[in-house]
Amino acid sequence: MSDKKVRVRFAPSPTGGLHLGGVRTALFNYLFAKQQQGDFILRIEDTDQSRYVDGAEAYVAECLQWCGLTPDESPAVGGPYAPYRQSERKSIYREYAEKLVSQGHAYYAFDTPEELEQNRREIPNFQYGQVYRDGLRNSLSLTEHQVDELLDAHTPHVIRIKMPADERVSFTDMIRGQVSFETNQVDDKVLLKADGMPTYHLAVVVDDYLMKITHAFRGEEWLPSAPVHLLLWDYLGWKAEMPQWAHLPLILKPDGHGKLSKRDGARLGFPVYAMTWFDGKTGELTPGFRELGFLPEAFINLLATLGWNDGTDQEIFTIDELIAKFSLDRVSKAGAKFDFEKAKWFNGEWIKKVKGERLKVKVKSVLEEKGVVVSEDEYLLKVIDKIKDRCVLLPDFYQQAAYFFEQPKEYDVNAVKPKWTDAKTEFFIRFITILGREEVWDEATLETAFKALAEEKAIKTGELMLPFRIMLVGGKFGPHVFDIAALLGKVETITRIEKGLGVFTA
RNA sequence: GGCCCGUUCGUCUAGGGGUUAGGACGUUAGAUUUUCAUUCUAGAAACAGGGGUUCGAUUCCCCUACGGGCUACCA
């Protein structure tokens, strides 16, 4: 490894929502960069105009922000190697493609998409390369004169790399070690499209070079095209500056097999995108982790451990710990099936771990979205601290916290009514009186008073606790019932007992 | 089909020539919690198969099987 400053890039194409695999790639980039005191760059790969989706770039930027993966350079903040949007760099790619043509490493091809389509249909295993290129319309098969004529007539054409014959291209992947390919097996990939835009293959090499990228992380699906990139780095004369590659294992469907896709989320009922994505064209709304109530800390944590571990039993990591401990040689080679149950577990752990203060704003909006009025932040904080251990996702706070702010709308009467007695009615009427005189209002006092009265009335405490809970909460859940009463306060507790009594004896 | 990558409990994984193959999620049973959840304890649960190499392979090598990726003027 050289002593150059580490520079990595996350290079998504703005075609829609950001897949969790994409976020993980961004995360690994980020962790590596920060650990090495390097730069993390966001580059937008929008070379396919037909797939461009309005708003997708802003969405990606917001995802990164939500996750805390702030780029040092990006289209939004700029940087010394701007522009960071490939569509805005269009003019610079042609030069390199032409250079390759003049060196004999690339050539013009005039075949129409339809002709190629036909070849693929009619010729088994058709590949634009070694075997068939001479029979197609390109500057290798045509005469110089013919080529000039076509060019002069502005005939639509692409520039293709000319894969060399009988060579073995190999490189050392930081995760996989030695990987090699036979050039005869690789086709002549298009470098520059007919519209003048580069394909990924050209753009990634040119931009990684120009932006002085030192390490390139991408999904394993890119492995087969690595030889094209390797050759390009070589032909362009930049071999010494080629970044070190790392091909990350894929994230797979939890059932069956294959890459995890947006559809799987819809089918299996869990999010695949980091944040909810709204498709303006179809009107389709694809839910995201953020909106489902995940904490970014948990999302990052679960992504980090999907394909990486630190070699110990530790599973919960803060971002700083990840930065300190991340290591490429502890990234596994095999794809990982996504497990939503475990994802939820991570979130629950983080809700427990994080301070109530951190949750306050989020919980408040969960409650307010449901029409629950939260007047006092301090009270909310006490409530959060009492109940957060029982919440897995942020929306769980609604059920667990709502009754602290408003009287139960419904009562689980079936849990008490069948066993209700006049003696119990008497107990609670008497309890109201006692509470009314109570000057100290805390859990212990309440519990003592409650139990003393129960003994006096000769009713088992257990017979009374549940009714009391239902009066305050409405259902069979929540923290210790005296804790709830303590938080609710004297007036509210008495009110709820009275109201509950009315419901139970109706 | 071709090429490339991969393969330890259901899932994520640790380990690595000699281990009772460890942890986590989930699951099962129990304890605690006079609700529910948390928490705690215990249990079931894995080295794809076949050849080598070796005194000894789950570990190293090869083959097979299986899985995945790619095979666009998409990334």
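Proteins come first, then strands; the chains are lettered A, B, ... in the order of their sequence lines, and each starts at number 1.
Under the 6.0 Å cut-off for aromatic ring centres, A:F450 and A:F482 qualify, their centroids lying closer than that. Ring centroid separation for the pair A:F217 and A:F10 does not come in under the 6.0 Å cut-off. Taking the centre of each ring, A:F28 and A:H215 stay at or above the 6.0 Å mark.
In this structure, A:V473 reaches neither bases nor backbone, as no heavy-atom distance under 4.0 Å exists between it and the strands shown. A:R218 comes within contact range of no nucleotide atom at all, as no heavy-atom separation falls under 4.0 Å. As judged by a 4.0 angstrom heavy-atom cut-off over every strand, A:S50 is placed among residues making no nucleic acid contact. Within 4.0 Å of A:T305, counting heavy atoms only, lie sugar-phosphate atoms of the nucleic acid but no base atom. Among the heavy atoms of the strands lying under 4.0 Å from A:K259 are primed sugar atoms or P, OP1, OP2 only; no base atom is included. A:S332 comes within contact range of the sugar-phosphate backbone alone, with a heavy-atom separation under 4.0 Å but no base atom that close. When heavy atoms are screened at a 4.0 angstrom cut-off, A:A336 is found touching the sugar-phosphate backbone but no base atom. Backbone-only contact: A:V190 has heavy atoms under 4.0 Å from sugar-phosphate atoms and none from a base. Residue-level contact check: A:S180 touches the backbone only, with heavy atoms under 4.0 Å from sugar-phosphate atoms and none from bases.
A cation-pi contact, defined as under 6.0 Å to the ring centre and within 45° of the axis, is absent between A:R168 and A:F181. A:K353 forms a cation-pi arrangement with A:W350, by the criterion of a distance under 6.0 Å to the ring centre and an angle within 45° of the ring axis.
Straight-line distance from the CD atom of A:E349 to the C1' atom of B:C12: 15 Å, rounded to whole Å. A:L248 has its CG atom 17 Å from the C1' atom of B:C70, to the nearest Å. Residue A:Q127 contributes atom CD, which lies 12 Å from atom P of B:C4 at whole-angstrom precision. A:W308 places its CH2 atom 13 Å from the P atom of B:U13, with the value rounded to the nearest Å. One atom, CG of A:L223, and another, P of B:G68, lie 17 Å apart when rounded to the nearest Å. Rounded to a whole Å, the CG atom of A:L20 is 13 Å from the C1' atom of B:C12. As rounded to whole Å, 14 Å separates atom C1' of B:A14 from atom NZ of A:K333. Distance A:E220 CD to B:G69 C1': 6 Å, rounded to the nearest Å.
Under 4.0 angstrom from either OP1 or OP2 of B:A75 there lies at least one side-chain N or O belonging to A:K193. Side-chain nitrogen and oxygen atoms of A:T312 include none within less than 4.0 Å of the OP1 or OP2 phosphate oxygen of B:G23. Contact between the side-chain N/O atoms of A:R120 and the OP1/OP2 oxygens of B:C73 is found at a separation under 4.0 Å. For the OP1/OP2 pair of B:G15 and a distance below 4.0 Å, the side-chain nitrogens and oxygens of A:R330 include at least one atom meeting the criterion.
Checked by atom type and distance alone, the side chain of A:R330 pairs as donor or acceptor with a backbone atom of A:N309 at under 3.5 Å. With hydrogens and angles ignored, the 3.5 Å screen pairs a side-chain donor or acceptor of A:N347 with a backbone N or O of A:V392. Using a distance-only test at 3.5 Å, with no hydrogens or angles considered, no donor-acceptor pair links the side chain of A:S180 to the main chain of A:S170.
Side chain A:K342 to base B:A24: a donor-acceptor pair is found below 3.5 Å.
Nearest-nucleotide positions on RNA chain B place A:G307 closer to the 5' end than the other of A:E315 and A:G307. Of the two residues contacting RNA chain B, namely A:W345 and A:N309, the nearest-nucleotide position lying further toward the 5' end is that of A:N309.
Under the Watson-Crick and G-U wobble criteria, each requiring two contacts below 3.5 Å, nucleotide B:G1 is paired to B:U71.
The side chain of A:V158 approaches B:C73 more closely than any other nucleotide in the set B:G68, B:C73, B:A75. Checking B:G69, B:U71, B:A75 against every side-chain atom of A:E45, the shortest atom distance belongs to B:A75. Which of B:A75, B:C3, B:G68 sits closest to the side chain of A:D48 comes down to B:A75. Of all nucleotides listed (B:C73, B:U71, B:G69), B:C73 comes nearest to the side chain of A:T199. Here B:G1 is the nucleotide among B:C73, B:G1, B:G15 with the atom lying nearest to any side-chain atom of A:N125. For A:K337, the listed nucleotide lying nearest its side chain is B:U11; candidates were B:G15, B:U11, B:C73.
Salt bridge A:D111/A:R133: absent, no basic N to carboxylate O contact under 4.0 Å. We find that A:D207 and A:R89 are joined by a salt bridge, their nearest charged nitrogen and carboxylate oxygen being less than 4.0 Å apart.
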Could you write nucleotides 27-35 of chain B as a row of B, S and -, 5' to 3', where a protein heavy atom under 4.0 Å of any base atom gives B, of only sugar-phosphate atoms gives S, and otherwise -?
-> -------BB
